[in-house]
Amino acid sequence: MDGINTAIVGATGAVGEQMRKIMQERNFPVKNMRYMASSRSKGRKLKWRDSYVEVENLEEADFSDVDIALFSAGAKRSKKYARKAAEQGATVIDNSSAFRMDIDVPLVIPEVNPEDIKENTGIIANPNCSTIQMVMALKPIYDEAGIKRIVVATYQSVSGAGKKAVDELMQQIKDFQQGKKCKTDIFPHQIAFECLPQIPQSDAFGENGYTTEEMKLLNETRKIMKDENLAVTMTCVRVPVVGGHCEAVNIETKKEISPARAREVLEKFPGVKVEDNPEKQVYPLANSSWGRDEVFVGRIRKDYSVKNGLNIWVVADNLRKGAALNAVQIAEFILKKKTVN
Ligand SMILES: NC(=O)c1ccc[n+]([C@@H]2O[C@H](COP(=O)([O-])OP(=O)(O)OC[C@H]3O[C@@H](n4cnc5c(N)ncnc54)[C@H](OP(=O)(O)O)[C@@H]3O)[C@@H](O)[C@H]2O)c1
């Protein structure tokens, strides 16, 4: 194959922008690149390598000549257009929550379960950002010692809610400093100088009291790890950080694993970087993960409240490994195995 006809759906968004960037950085072998977004963006020109590509209106787009389509325009758009794109011959890698739990849709982190990619019917789902980074850190520990139970609290940056959410935080900081009332549009309350235990911002809470983001962490982790008995309990919190999600993860293992051994297996795992030197105040930080590809793990220590327990701190760039990079890695894997439709 001498190059792939590629489409980025949601090319104007926060994740779409990173997809464009990462495909160029990694020299993804694109023959023809197409960008799609809403009617609002039709005709806008966005850079691709040394030239510009005009954004098409997704509603009018035909995917017959597309080999791989990266969808990142929200679940509603994916539900409406991704199947159509797959039927027209594209292999869709979908970043939204639309198909993640469908039985015939693999949910893939290439370092964790690449073998699932081939069982697709034209759509492969990218997990949620908070799931990807947590599972990247759990997998080597799971393989070494087994995992019984996970207790996780997330500290998620505002870029996880898209470009407008970052603008809202910045505007609120200005307004707050000038003593003005902060306007809220994207978030349900002021996010500047605040922590909100509600992700996403609308339709967040289910009947069981958990948010949809929290249920994603539970259900997606079990699906990727192929372990329906894995106990996971979680609280997801939005914090006024621009980029990079943090997670405090408590792990109860089946067999004993020392912090030193956990460090060793984490260090060997592709895509994970251990930053753990508390004496020198070295541990992962959201701001230093921003723009980086790795999932950073630190504060690795024993949990003395149970027989076999560990506490870790996991940080990653939500737009890169949490979204765009993972999708591009899936596309690369498909190319390597030549499993394009
Ligand atoms: N941000 C993250 O950390 C993250 C992580 C994992 C997954 N995701 C998922 O990735 C998707 C995109 O998120 P984002 O953060 O990039 O959001 P965003 O910055 O708000 O961008 C949304 C994109 O969707 C497009 N879009 C909106 N309505 C559309 C319509 N009616 N038809 C066609 N395109 C439409 C927008 O195009 P216009 O510019 O024309 O409006 C824009 O390109 C979401 O499904 C999100 O859940 C995000």
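Just so you know, these numbers use all the heavy atoms, side chains as well, and skip hydrogens, waters and symmetry mates. Ligands are counted one by one from 1 in listed order, and the atoms in each one are counted from 1 as well.
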Top protein contact for [atom], by heavy-atom distance:
| atom | answer |
| --- | --- |
| atom 11 (C) of ligand 1 | S72 OG, 3.5 Å |
| atom 17 (O) of ligand 1 | G162 CA, 3.8 Å |
| atom 21 (O) of ligand 1 | G13 CA, 3.2 Å |
| atom 24 (O) of ligand 1 | A73 CA, 3.2 Å |
| atom 3 (O) of ligand 1 | N318 ND2, 3.0 Å |

Carefully, step by step, assess E17 and R20 under the rule salt bridge (Lys or Arg N to Asp or Glu O under 4.0 Å).
CA-CA 5 Å; E17 185 180 347; R20 293 187 272 122; 5.0 Å; no
Determine whether any heavy atom of R77 lies closer than 4.0 Å to an atom of ligand 1.
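The answer is yes: ligand 1 sits under 4.0 Å from a heavy atom of R77.
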message = Given Y81, which partner from the list M36, E59, K76 fulfils the side chain to side chain contact (heavy atoms under 4.5 Å, CB included) test?
response =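 Result: among M36, E59, K76, E59 is the only option passing the side chain to side chain contact (heavy atoms under 4.5 Å, CB included) with Y81.
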Original post:
For the side chain to side chain contact (heavy atoms under 4.5 Å, CB included) test, which of T221, N128, V314 pairs with M134?
Top reply: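 Per the side chain to side chain contact (heavy atoms under 4.5 Å, CB included) rule, the option paired with M134 is T221, out of T221, N128, V314.
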Self-check item: Heavy atom of protein inside 4.0 Å of atom 41 (O) of ligand 1, strictly below
Solution: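 For atom 41 (O) of ligand 1 the answer is yes, since some protein heavy atom falls inside 4.0 Å.
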Protein non-hydrogen atom below 4.0 angstrom of atom 46 (C) of ligand 1 present: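 False for atom 46 (C) of ligand 1.
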Using a strict 4.0 Å cut-off to heavy atoms of [X], name the atoms of ligand 1 that fall inside it.
| X | answer |
| --- | --- |
| G322 | 5 (C), 6 (C) |
| S96 | 45 (O) |
| A37 | 33 (C), 34 (N), 37 (O), 40 (O) |
| G74 | 11 (C), 44 (C), 45 (O) |
| T12 | 36 (C), 37 (O), 38 (P), 39 (O), 40 (O), 42 (C), 43 (O) |
| S41 | 38 (P), 39 (O), 40 (O) |

If hydrogens are left out, which of S38, S39, A98, C129 has an atom nearest to atom 35 (C) of ligand 1, that is, the closest non-hydrogen atom?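 Looking at heavy atoms only, the winner is S38.
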Option of least heavy-atom distance to atom 16 (O) of ligand 1 (set: V15, V55, N95) =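 Shortest heavy-atom distance from atom 16 (O) of ligand 1: V15.
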Report yes if the side chains of [X] and [Y] come closer than 4.5 Å at any heavy-atom pair, otherwise no.
| X | Y | result |
| --- | --- | --- |
| V30 | I4 | no |
| D317 | R292 | no |
| Q172 | V158 | no |

What is the distance from atom [atom1] of [X] to atom [atom2] of [Y], rounded to the nearest 0.5 Å?
| X | Y | atom1 | atom2 | answer |
| --- | --- | --- | --- | --- |
| T154 | E214 | OG1 | CD | 7.5 Å |
| T91 | L70 | OG1 | CG | 10.5 Å |
| Q329 | K336 | CD | NZ | 9.5 Å |
| L285 | C246 | CG | SG | 7.5 Å |
| K148 | I251 | NZ | CD1 | 14.0 Å |

Polar proximity ligand 1 side, [X] side, N/O cut 3.5 Å exclusive:
| X | result |
| --- | --- |
| L319 | no |
| G10 | yes |
| A323 | no |
| A161 | no |
| L58 | no |
| S159 | yes |
| K163 | yes |

Other residues, nucleotides and ligands only: do more than 12 of their heavy atoms fall within 6.0 Å of NZ on K84?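 Atom NZ in K84 is packed in, count exceeds 12.
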If you measure from the Lys or Arg side-chain nitrogens to the Asp or Glu carboxylate oxygens, is any gap between E264 and R261 under 4.0 Å?
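Counted as a salt bridge, because a side-chain N and a carboxylate O are separated by less than 4.0 Å.
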Would you call the rings of W48 and Y35 parallel, tilted or perpendicular if under 30° counts as parallel and over 60° as perpendicular?
->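 Because their plane-to-plane angle is over 60°, the rings of W48 and Y35 count as perpendicular.
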